[in-house]
Amino acid sequence: MLQRTSPNFRIASLDQSSLPITAVHTSELTFETHLDVSDDSADAVSLLASRTNLPKNAIKHAMQKGAVWLERGKQLKRIRRTKISLRVHDQLHFYYNERVLNQQPHPAKLIADEGSYSIWFKPYGMLSQGSKWGDHCTIYRWVEQHLNPQRPAFIVHRLDRAASGLMILAHQKRTAVYFSALFQKRKVEKKYRAIVSGEFPSEATIKMPIDHKPAVSHVKRLSYANLSDQSLLEVNIETGRKHQIRRHLSEYGFPIVGDRLYGGAGVDDENNLQLVSCYLKFDPPDNQSPKEYVLPDEFRLRV
């Protein structure tokens, strides 16, 4: 199990023995293996190829997508370079899952490049954060590979995989710390739009605890389509509990269209989750006047 500590990663606990390779499905392979480095002249690809019997090209492919980790002392990080120098007592951790590695993210779109940070539209299905199995489908990895000039990208807040909308990516550690503090102090104004089933009241404040913690959402109906019996809503949240908007609207009796987790949508439902982050306002780190970002029309929800 990996435990994240910003900006580095540490291991909470890992089985250091090599685990057997097992098939999840007939065409899908998944396994993990952990090995100690005893020769500082060895290279990671050769060591992993010897341990797993996978072709070196497959290991390089998985490495580029974030499935290989190097543990050195108390530090744990992904490694992508095949020629990285190893040391005796280093440990390599390899998490291989064909299904994960074969996934392809939909492209994110740059909204504004502000130098030390940028604003992006995250599409449905793109992740905010990776896992030990890889991170090539994350917004931060997409940004690192497609922003010009290239810069590191740090996550400072999250959107559900099934949600879409505006996200801030920091490109300096100090900028990431600044934005993380803004979000923690609730000094970033956020607005969401959602399409729900039914005719929602003109306005409502939903106060329903989530996981035994207070949670408050303010909801305003923007429009109602009688033909489809759907309402377009604007939502502001005072708290940021997990899946707060989805859970609040569902428990209030107006599930979000396309919500397969809380709304009863089936796996064959043609709609993706109709929830989008559409507005951000905050004081930027350069002490200029407040910045506002509005979702472009092409990504807006309509009923």
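The structure presented is a predicted model; accordingly, all values stated were derived computationally and were not measured.
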For Ala153 and Leu169 the tightest heavy-atom approach is CB-CD1, 4.2 Å
In short, salt bridge (charged side-chain N to carboxylate O under 4.0 Å, His left out) pairs touching residues 139-150 with sequence neighbours left out are Arg141-Glu144
Let me check something: do Ile237 and Tyr252 share a hydrophobic cluster, defined by ILVMFWY side-chain heavy atoms less than 4.5 Å apart, either directly or through other members? yes
Would you sort out whether Lys242 and Asp211 count as a salt bridge (Lys or Arg N to Asp or Glu O under 4.0 Å), showing the intermediate values?
CA-CA 9 Å; Lys242 185 176 181 179; Asp211 299 329; over 6 Å; no
Which pairs would a plain distance check flag for residues 290-303, meaning a side-chain donor or acceptor within less than 3.5 Å of a matching protein atom at least two apart in sequence or in another chain?
{"residue": "Glu292", "atom": "OE2", "partner": "Tyr279", "partner atom": "OH", "Å": "2.3"}
{"residue": "Tyr293", "atom": "OH", "partner": "Glu114", "partner atom": "OE2", "Å": "2.7"}
{"residue": "Tyr293", "atom": "OH", "partner": "Tyr117", "partner atom": "OH", "Å": "3.3"}
{"residue": "Glu298", "atom": "OE2", "partner": "Lys109", "partner atom": "NZ", "Å": "2.7"}
{"residue": "Arg300", "atom": "NE", "partner": "Leu295", "partner atom": "O", "Å": "3.2"}
{"residue": "Arg302", "atom": "NH1", "partner": "Asp297", "partner atom": "O", "Å": "3.3"}
{"residue": "Arg302", "atom": "NH1", "partner": "Arg300", "partner atom": "O", "Å": "3.4"}

Lys187 side chain reached by Asp283 side chain, heavy atoms, under 4.5 Å: no
With sequence neighbours left out, the residues meeting salt bridge (Lys or Arg N to Asp or Glu O under 4.0 Å) with Asp90 are Arg72
Does any part of the side chain of Arg99, heavy atoms only, come nearer than 4.5 Å to the side chain of Thr30, both counted from C-beta? no
Review point. Would a 4.5 Å heavy-atom cut-off, applied to side chains only, mark Thr138 and Ile155 as touching?
Key: no
Rounded to the nearest 0.5 angstrom, the NZ-CG distance for Lys65 and Asn102 is 6.5 Å
Check: Ser128 side chain, Leu159 main-chain N or O, donor-acceptor pair, under 3.5 Å: yes
Would you tabulate the side-chain donor-acceptor contacts of residues 192-202 under 3.5 Å, counting partners in other chains and residues two or more places apart, or write 'none'?
none

For Leu273 and Ala163 the tightest heavy-atom approach is CD2-N, 3.9 Å
| said: For the CD atom on Gln184, are there more than 12 heavy atoms of other groups (residues, nucleotides or ligands in this structure) within a distance under 6.0 Å? | reply: no
**Request:** Using a 4.5 Å cut-off on heavy atoms from C-beta on, say whether the side chain of Asp113 contacts that of Asn148.
**Result:** no
- Residues Leu70, Leu86; criterion side chain to side chain contact (heavy atoms under 4.5 Å, CB included); working and verdict: CA-CA 9 Å; Leu70 173 66; Leu86 299 178; 4.0 Å; yes
task = Answer yes if the ring centres of Phe94 and Phe31 are under 6.0 angstrom apart, and no otherwise.
result = yes
inquiry  = Under 4.5 Å between side-chain heavy atoms, counting indirect links through other Ile/Leu/Val/Met/Phe/Trp/Tyr residues: same cluster for Val219 and Val216 or not?
reply    = no
- Message: For Ser250 and Asp259: C-alpha separation, side-chain torsions, deciding distance, then whether side chain to side chain contact (heavy atoms under 4.5 Å, CB included) applies.
- Response: CA-CA 9 Å; Ser250 178; Asp259 193 339; 5.7 Å; no
Please lay out, stage by stage, how His34 and Gln91 fare under the test side chain to side chain donor-acceptor pair (under 3.5 Å). CA-CA 7 Å; His34 315 278; Gln91 293 176 318; over 6 Å; no
Side chain to side chain, Ile79 and Leu92, heavy atoms closer than 4.5 Å
yes
Between Tyr224 and Leu232, is there a shared hydrophobic cluster once you connect ILVMFWY residues whose side-chain heavy atoms come closer than 4.5 Å? no
- Might you confirm whether atom NE2 of His146 has over 12 heavy atoms from other residues, nucleotides or ligands at distances under 6.0 Å? yes
_Joint cluster assignment, Tyr124 & Ile256, ILVMFWY side-chain distance < 4.5 Å_ = no
Residues Gly66 and Arg78: closest non-hydrogen pair is O-NH1, 2.6 Å
Per side-chain contact (heavy atoms from CB on, under 4.5 Å), Leu127 is matched among Arg161, Lys122, Arg158 by Arg161
d(Glu234 CD, Glu203 CD) to nearest 0.5 Å is 10.0 Å
Value for SG (Cys137) from NE2 (His106), rounded to nearest 0.5 Å, stands at 10.0 Å
(Q) Apply side chain to side chain contact (heavy atoms under 4.5 Å, CB included) to residues Phe154 and Thr175 and explain how you reach the verdict. (A) CA-CA 9 Å; Phe154 303 96; Thr175 307; over 6 Å; no
Are the aromatic ring centres of Tyr140 and His171 under 6.0 angstrom apart? no
In terms of heavy-atom contacts, Ala108 and Ile139 come closest through CB-CD1, 3.5 Å
For Leu29, is there any backbone N or O sitting under 3.5 Å from a side-chain donor or acceptor partner on Glu98? yes
* Do the side chains of Ile206 and Leu249 get nearer than 4.5 Å, heavy atoms only? -> yes
Closer than 3.5 angstrom, by distance alone: can the side chain of Ser50 be matched with the main-chain N or O of Ser46 as a donor-acceptor pair? no
Separation between CG (Leu233) and OG (Ser223), nearest 0.5 Å, reads 8.5 Å
Could you walk me through whether Thr52 and Tyr96 pass the side chain to side chain contact (heavy atoms under 4.5 Å, CB included) test, one step at a time?
CA-CA 10 Å; Thr52 64; Tyr96 188 88; over 6 Å; no
Discussion item. Closer than 3.5 angstrom, by distance alone: can the side chain of Arg151 be matched with the main-chain N or O of Pro149 as a donor-acceptor pair?
Written reply: yes
List the steps, then state whether salt bridge (Lys or Arg N to Asp or Glu O under 4.0 Å) holds for Asp43 with Lys56. CA-CA 11 Å; Asp43 68 272; Lys56 289 186 177 181; 5.5 Å; no
The reported gap from CG in Asn97 to CH2 in Trp133 (rounded to nearest 0.5 angstrom) is 6.0 Å
- Task: Ignoring hydrogens and angles, tell me if any N or O in the side chain of Arg241 forms a donor-acceptor pair with the backbone of Pro209 under 3.5 Å.
- Result: no
Between the side chain of Trp69 and the main-chain N/O of Lys132, is any donor-acceptor distance below 3.5 Å?
-> yes
**Study point:** Val88 with Val37, same ILVMFWY side-chain cluster at under 4.5 Å
**Key:** no
Going by chain and number, the hydrophobic cluster around Ile210 (ILVMFWY, side chain to side chain under 4.5 Å) further includes none
Any side-chain heavy-atom pair from Arg246 and Asp160 closer than 4.5 angstrom?
-> yes
What one should report as the nearest heavy-atom pair of Gly263 and Pro255 is CA-CB, 3.5 Å
Taken to the nearest 0.5 Å, the spacing of Met126 CE from Phe121 CZ works out to 10.0 Å
key: Val100 side chain reached by Tyr95 side chain, heavy atoms, under 4.5 Å   = no
Contacts of His243 meeting ring pair (Phe, Tyr, Trp, His ring centres under 6.0 Å) (sequence neighbours excluded), chain-then-number -> Tyr262
Nearest heavy-atom contact between Ala170 and Val156 is CB-CG1, 4.1 Å
Exactly one candidate in Lys207, His218, Arg186 meets side-chain hydrogen bond (donor to acceptor under 3.5 Å, both in side chains) with Glu238; the answer is His218
